[in-house]
Amino acid sequence: DAGVTQSPTHLIKTRGQQVTLRCSPKSGHDTVSWYQQALGQGPQFIFQYYEEEERQRGNFPDRFSGHQFPNYSSELNVNALLLGDSALYLCASRRAGEANEQFFGPGTRLTVL
Amino acid sequence: AQKVTQAQTEISVVEKEDVTLDCVYETRDTTYYLFWYKQPPSGELVFLIRRNSFDEQNEISGRYSWNFQKSTSSFNFTITASQVVDSAVYFCALSDYSGGGADGLTFGKGTHLIIQP
């Protein structure tokens with residue numbers, strides 16, 4: 001049973017560019033959340049998707065957007081990249097309606113130069 | 001607004017010592033969940049425990065134990081007889097419960113635990 005998978009593992013972009021990160025949830029999970037973790041900090045909640053809609057959003061600008069597909073996989077898009085967007089981006093999944101733990105993926109390390 | 005404070009940035013102990021990681025939280029919600037996660041150097045967050053706000057029973061799992069005190073808004077984590085493999089960054093986290101399950105997590109800044117052989 002595969003856990004949460006994310007791609008790519010690492011990514012290097014330059015300021016102003018756009019990036020798309022991908023996440024496949026754990027089997028049987030239908031809710032996907034994205035987190036940003038800057039170096040030396042705790043993860044910060046970006047948004048959560050369920051039934052292909054954004055259900056909850058953290059304090060992130062509109063440059064951060066997402067999508068969920070019918071197979072529950074998800075994408076995180078970041079436009080007009082800033083140096084401060086350099087971070088580890090974590091995807092987490094769970095089953096809706098259950099207060100179970102969120103299972104986290106290994107993350108994508110984004111570096112913006 | 002929710003907030004989680006982990007005042008201990010880094011703790012270093014010698015193997016076999018007991019160590020307690022502190023977590024203090026703030027929320028206006030009456031129903032919420034508290035979590036502890038472990039992040040080893042590989043980076044992947046590993047779930048350790050979930051506790052809901054109406055269950056104040058302490059929990060023990062092997063060498064790990066958790067002390068939830070609603071009166072002081074604390075959810076502390078103790079490792080007994082620490083081992084080198086326990087070295088990692090530990091995060092305490094908080095979430096609301098919206099009826100559809102736990103919402104997005106609010107994390108503390110983490111405590112870097114170093115277990116020296």
### Message
Do A:F103 and B:I49 sit in one hydrophobic cluster, given that two such residues count as connected whenever their side-chain heavy atoms are within less than 4.5 Å of each other, even indirectly?
### Response
no

Ranking A:G105, A:G58, A:G107 by heavy-atom pairs under 4.5 Å to chain B gives rank one to A:G105

(Q) Between B:V46 and B:Y37, is there shared hydrophobic-cluster membership here, with clusters defined by ILVMFWY side-chain heavy atoms closer than 4.5 Å? (A) no

Taking A:F47 as the starting point, is it possible to reach A:Y50 by hopping between hydrophobic residues whose side chains are less than 4.5 Å apart? no

- Under 6.0 Å between ring centres, would you say that holds for B:F47 and A:F104? no

With heavy-atom distances below 4.5 Å as the criterion, would you say the side chains of A:P43 and B:L105 are in contact? no

Hey, is CZ on A:R15 packed in by over 12 heavy atoms from elsewhere, all under 6.0 Å?
no

- Query: In terms of heavy-atom contacts, does NZ of B:K38 have more than 12 from other residues, nucleotides or ligands at under 6.0 Å?
  - Reply: yes

Rounding to 0.5 Å, atoms CD (A:Q56) and CG (B:D96) come to a distance of 7.5 Å

To the nearest 0.5 Å, atom CG of A:L88 lies from atom CD of B:E44 at 10.0 Å

Applying a strict 4.5 Å limit to non-hydrogen atoms, the region of B:Q39 in contact with chain A is side chain

Tell me if the aromatic rings of A:Y35 and B:F107 count as close, with their centers under 6.0 Å from one another.
yes

Going hydrophobic residue to hydrophobic residue with side-chain gaps under 4.5 angstrom, can you get from B:L45 over to B:L113? no

Separation between OG1 (B:T106) and CD (A:Q44), nearest 0.5 Å, reads 9.0 Å

In terms of hydrophobic clusters joined by side-chain contacts under 4.5 Å, are B:L34 and B:V24 together? no

Compare all side-chain heavy atoms of B:Q2 with those of A:F45 and state whether any distance is below 4.5 angstrom. no

Under 4.5 Å to a heavy atom of chain B? For A:I46 that would be neither

